[in-house]
**Student:** 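Mind having a look at this structure? Questions to follow.
Being a predicted model, the structure only gives us computed values, none of them experimental. Proteins get letters first, then strands, A, B, ... in listed order; numbering begins at 1 in each.
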Amino acid sequence: MQPEIYLYNTLTRRKERFEPRRPGEVSIYVCGVTPYDDAHIGHARPAVFFDVVRKFLRAAGYRVTFVQNFTDVDDKIIARARERGMDPLELARRYSQSYLEDMDRLGVERADIYPRVSEHIDDIIRMIQGLIEKGAAYASEGSVFFSVESFPGYGKLSNQRVDELVAGARVEVDPGKRAHLDFALWKAAKPGEPAWDSPWGPGRPGWHIECSAMSLKYLGNSFDIHGGGLDLVFPHHENEIAQSEAYTGEAPFVRYWLHNGLVTLGDEKMSKSLGNFVTVQEVLKEHHPAFVRYAVLQHHYRSPMEFGGEQLETMKRGWLRLNRTYQQLAGAAPAAGVDEARKAGAPEELLHAVQRTRERFFAAMADDFNTAAALASLFELLREVRPLLGQSPDDGAKAALGAARAVLEELGAGILGVLTLDPLDPAGDTGGRSDELVRELVNLIVEIRSEARAARDFARADRIRDALQRLGIVLEDRPDGTRWSFKE
RNA sequence: GGCGGCAUAGCCAAGCGGCUAAGGCGGAGGUCUGCAAAACCUCUAUUCCCCAGUUCGAAUCUGGGUGCCGCCUCCA
């Protein structure tokens, strides 16, 4: 199944038909993190989104190569390491490891390659040399700068005019630069900083060059998708284009530029420099990873996403319902293909619903990765299926439930990763607020109340329930007995 | 100052020229229940920030406003 895929290309500011460089193969490079602190939700969003992109493309029949870098040589890493009296590379190693672990917990599949700047100094130096030879860069006082003037297409990604940029520039004037907009490819070492030998003396790579050098190395001169946050469009990606195309002499460097919207907190961009961030680890203390994915995918990837507490709680109800139904389904029937279910006598109407779900899901995803619409298709299937779950289904209905289960597994669990079979609200979940003694006491009280109910002493039963409610304990009387849990 | 993006029901959120404006939350009514809760069913925008225009037809295109957000300095 290889549907026609359309995606919004930042370069052209239009939705375009997706045609990879080589049929059936997709090469993706996503800008990774500068590991000097814990990952926050603003990092989780692109990670989850591009994880879904990758899984969807694979489901659509493409072979996907996925590269994500670590910028492990950087001013902020050096500064942080100095504060802590640590080796910068060691600090970067530690935080890149914790980044990977956080993303693992979010169900993000590992990239095929995680190139690091520190391991590609030679490639970077070679590229800088090439740029100097081509007249696109110049050495100055131990540093090397890219000459923006030498690249006529500068500004095409961010739609900026060079003269306007100069007018609004807030960049400090670097004495070694010939022109305002020129940017560093190689920075001369300052005392006490990590440095590598180069033809221009000891130093380290500038910020933008690494992504060019490493993406070209692993994916070739014109790869398919380059992703990252909207805040990277300028100058980072603009500069990447200039360096790469000047170096290879080939355009386009990247066929499709995809940029995800930013995560906001209180309508302000979440970022480390503003200090208003929520780390992935903090979020995962309170929320299931599959729910975090759900919250991300509930928004279209290009829209801004507010990550506020109350909104999450209301979103969670929907997610819980989706998952409860999925879990009931998993308990009710073995997964089955549609054809298989048809042979087992499943009602045609339900099988159509299952197939329609799949079609809608793929159509939504093929339309610029519309994950919100894709999720809606799952809810629509649930509506068809739920009435059957209340009753004891006959064999045909059971087969249909199996088909529904299979499609949810494929789409909701496999591609989106928003469904889980983990227990969601096990009876007696203490939420970390209680110990064995409290649990036993509540069990005892509930037991006594059940005896009162059996004796039809409802006044007493209600009094117990009300009293427990005031203590933050919620009771549910079900056909199979009373269940209790702490109030959220 | 320049460049982008966004504005759709009480809230979140799809929709990108034409079937009844997805879906979720909430709300209302109902089934079930000793009563609740949970679950399930039904209903819940004659209308898409404002004003002009293009078109047989616009939430969707064009022009002009208004309001938010982002980028132009490190940032996913």
**Student:** Look at the side chain of A/Asp367 and the base of B/C16, then say whether one donor and one acceptor between them are separated by less than 3.5 Å.
**Tutor:**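 Absent.
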
**Student:** I'd like to know if A/Asp462 reaches the base of B/G34 with its side chain such that a donor and an acceptor end up less than 3.5 angstrom apart.
**Tutor:**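 Answer yes: a donor N or O sits under 3.5 Å from an acceptor.
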
**Student:** Applying a 4.0 Å non-hydrogen cut-off, can you work out what A/Leu375 is touching in the nucleic acid: base, sugar-phosphate, or nothing?
**Tutor:** nothing

**Student:** Answer with base, sugar-phosphate or nothing: what part of the nucleic acid does A/Arg14 contact at a heavy-atom distance below 4.0 Å?
**Tutor:** nothing

**Student:** Using a 4.0 Å heavy-atom cut-off across all strands, classify A/Arg449 as base, sugar-phosphate, or nothing.
**Tutor:**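 Result for A/Arg449 = base.
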
**Student:** Could one point to a donor on the side chain of A/Arg321 or the base of B/G24 with an acceptor on the other under 3.5 Å away?
**Tutor:**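 Looking at the base of B/G24, it does not pair with any donor or acceptor on the side chain of A/Arg321 (distance under 3.5 Å).
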
**Student:** Base, sugar-phosphate, or nothing: which does A/His300 touch, judged by heavy atoms less than 4.0 Å apart?
**Tutor:**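 Touches sugar-phosphate only.
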
**Student:** Contact class for A/Asn159 vs. all strands (heavy atom < 4.0 Å): base, sugar-phosphate, or nothing?
**Tutor:** sugar-phosphate

**Student:** NA contact type, A/Ser158, heavy-atom cut-off 4.0 Å: base, sugar-phosphate, or nothing?
**Tutor:**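 Contact class for A/Ser158: sugar-phosphate only.
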
**Student:** Would you indicate what A/Arg360 reaches in the nucleic acid, counting non-hydrogen atoms under 4.0 angstrom: base, sugar-phosphate, or nothing?
**Tutor:** nothing

**Student:** Confirm from the modelled atom types if A/Arg465 and B/A36 form a donor-acceptor pair under 3.5 Å, side chain to base only.
**Tutor:**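 Indeed, a donor on one side and an acceptor on the other fall under 3.5 Å apart.
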
**Student:** Is there aromatic stacking of A/Phe379 on B/G23 here, judged by a ring-centre distance under 5.5 Å and a plane angle under 30°?
**Tutor:**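 Stack criterion not met.
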
**Student:** Look at all strands and tell whether A/Tyr99 reaches a base, only sugar-phosphate, or nothing, counting heavy atoms closer than 4.0 Å.
**Tutor:**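 No contact.
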
**Student:** Please work out if A/Arg45 contacts a base, only the sugar-phosphate, or nothing of the nucleic acid, heavy-atom cut-off 4.0 Å.
**Tutor:**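 No contact.
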
